[in-house]
Amino acid sequence: MKETLRILVVDNNEVDRMAVRRALTQAGVCIELSEVTDGSDALATLRTTIYDCVFLDHRLPDQDGLALIQRLRAAEIKVPLVVLTAQRDEQVAVELMKAGATDYLSKSRVCPETLAQVLRHAMRVHHAETQTALANQRLRESNEQLLRQNQELEQQRQQIELQNFKLLEASRLKSHFLATMSHELRTPMNAIIGFSQILLRPKFGQLTHQQTDMVERILNNGKNLLMLLNEVLDFSKLEGGRLELKPELFDLTKIINIVVAQMRSLAEAKKLSLRVDIDMQQPLVFNDSVRVRQILINLLSNAIKFTESGCIWVEVKELPKNQLAIAVRDTGIGIAPKDFKHIFEAFRQVDQSMTRKYPGTGLGLAIIDSLVQMMGGKIILESQLGVGSMFKIEVPRQLSLPTAVGSLAAYNLDGHDIFCSVQNPHHSPSKSSTAAMGFPKFKL
């Protein structure tokens, strides 16, 4: 079944109107035709009725076609308009199309085939224009929505930026406060420790057993508190980027043996065995001995603190590519896998409660992790609940130094002459360079 098209013919010439009706009927177009004779009636009819196409004579008795088209567009009446012109008026019809007409046809060419073709073309063009207008409207709405979203995102970005600035400022003030308080507290704490040590010396007078016990408690607690203060101070320096490594040439085996000897009494107090296994052909390393010592003390302190029975091992060995590995193993309480990702966070402890069994600031592992990263190394954790833990650090044997090209440092250790040739790290040495990428060369 063919679709019935509603057609409006606007023409004051009855013959011309009949010619349009006859041509469409002969073309087999199923139509419902309406006719008006002037522009005012056409405008009134189009305001109330929707038509599929309008055939418009541009010469009407009350107004010309251009004025009618302008009034239709002003009233936002959108309908396909085919202008019917006399043969000499085709140039005028082109102007009417520019004003909003869809197509034009000379009255001399009105015939079934041509009129049906013009009708279909006008309806297709109008449909395409309608779809284009709808797409443009949706695009404008999308652009407006995107603009609003961008404005909201920009406001959120500014808020986040302001919050980040406040957080950075708060972090800076916190670090400054920690550093200041730690520094200020260390002075009286050192005095407490020093005077306690003096009181325990026999030449300053004999103390009773009870007095000796009390002074030793003061001394031990003072040392513990000083250690906590030092951790806070180191952390504030690390967080503020003010801590620098001070590499030097030293014997790693001596540092390890000294630290183990210092910690052995703590292990023996808990009846733990402390074993050392050092497998090194060359014990000399170029690193920050103070920080290496600090790392080892923290690892051993943690191992002793969290181990109730069993053994603690310190293992040192050389790795390929001029690397060293220092591992501390224990048979302690272990760490759950879910806590691995948090164990190196500052102020983080597995037991965060106020009644926790194991004291401490929770900064030790965070400091170790930062120091190892500064050395260009890495830290490896293996642990199992109820079985024990292993913390292993891998660091370069030699740290690079940002000094001038060609500088030469000489050391003497145990009768051996040690030469350290240092290159600028920004200088690209040749393959024959004795200290490529700033690593010292040892000559024994």
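Side-chain contact between Leu371 and Asp288 is absent, with no heavy atoms from C-beta onward closer than 4.5 Å. Between Tyr104 and Leu96 there is no side-chain heavy-atom pair separated by less than 4.5 Å. Side-chain contact between Trp313 and Val276: absent, with no pair of heavy atoms (C-beta onward) separated by less than 4.5 Å. Two residues are said to be in side-chain contact when any heavy atoms from C-beta on lie closer than 4.5 Å; Leu56 and Ile69 meet this criterion. Side-chain contact between Pro396 and Gln323: present, with at least one pair of heavy atoms (C-beta onward) separated by less than 4.5 Å. The shortest side-chain heavy-atom distance between Val314 and Ile256 falls under the 4.5 Å cut-off. Inter-residue side-chain proximity for Ile7 and Leu119 is flagged as met; some heavy-atom pair is nearer than 4.5 Å. Looking only at side-chain heavy atoms (C-beta outward), Leu245 and Arg291 come within less than 4.5 Å of each other.
Distance CG/Leu33 to OG1/Thr4: 12.5 Å, rounded to 0.5 Å. Distance CD/Glu216 to CG/Asn221: 11.5 Å, rounded to 0.5 Å. Taking CG of Leu46 as the reference point, atom CG of Leu81 lies at 7.5 Å (rounded to 0.5 Å). Rounding to the nearest 0.5 Å places CD of Glu144 at 7.0 Å from CD of Glu141. The distance from atom CD1 of Ile379 to atom CG of Leu381, rounded to the nearest 0.5 Å, is 7.5 Å. The structure places CD of Gln282 at 10.0 Å from CG of Leu324, a figure rounded to the nearest 0.5 Å.
In terms of modelled atom types and a separation under 3.5 Å, the side chain of Lys378 and the main chain of Val372 share no donor-acceptor contact. At distances below 3.5 Å, not a single donor-acceptor pair connects side-chain atoms of Asp213 with backbone N or O atoms of His209. Remark: side-chain polar atoms of Asp339 are not paired, donor with acceptor, to backbone N or O of Ile335 under 3.5 angstrom. At distances below 3.5 Å, not a single donor-acceptor pair connects side-chain atoms of Asp330 with backbone N or O atoms of Gly388.
With no hydrogens or angles considered, no side-chain donor-acceptor pair links Gln155 and Gln159 at under 3.5 Å. Side-chain contact annotation: Arg148 with Gln151, donor-acceptor N/O pair under 3.5 Å absent. Counted by atom type alone, Arg293 and Gln262 present one or more donor-acceptor pairs between their side chains at under 3.5 Å. The closest side-chain donor-acceptor pair between Asp369 and Gln373 falls under 3.5 angstrom.
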Trace of the salt bridge (charged side-chain N to carboxylate O under 4.0 Å, His left out) decision for Lys78 with Glu129: CA-CA 10 Å; Lys78 297 179 180 179; Glu129 290 176 345; over 6 Å; no

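Applying the 6.0 Å contact sphere to CZ of Arg275 captures no more than 12 heavy atoms from other residues, nucleotides or ligands. Counting non-hydrogen atoms of neighbouring residues, nucleotides and ligands closer than 6.0 angstrom, the CG atom of Leu167 exceeds 12 such neighbours. Around atom CD of Gln210, no more than 12 heavy atoms belonging to other residues, nucleotides or ligands sit under 6.0 Å away. Other residues, nucleotides and ligands place more than 12 heavy atoms under 6.0 Å from the CZ atom of Phe340. Counting non-hydrogen atoms of neighbouring residues, nucleotides and ligands closer than 6.0 angstrom, the CD atom of Glu244 reaches no more than 12 such neighbours. Within 6.0 Å of CZ in Arg157 there are more than 12 heavy atoms belonging to other residues, nucleotides or ligands.
In summary, Lys392 and Glu394 engage in a salt bridge, as defined by a charged side-chain N under 4.0 Å from a carboxylate O. Salt bridge status for Glu318 with Arg397: present, with a side-chain N to carboxylate O gap under 4.0 Å.
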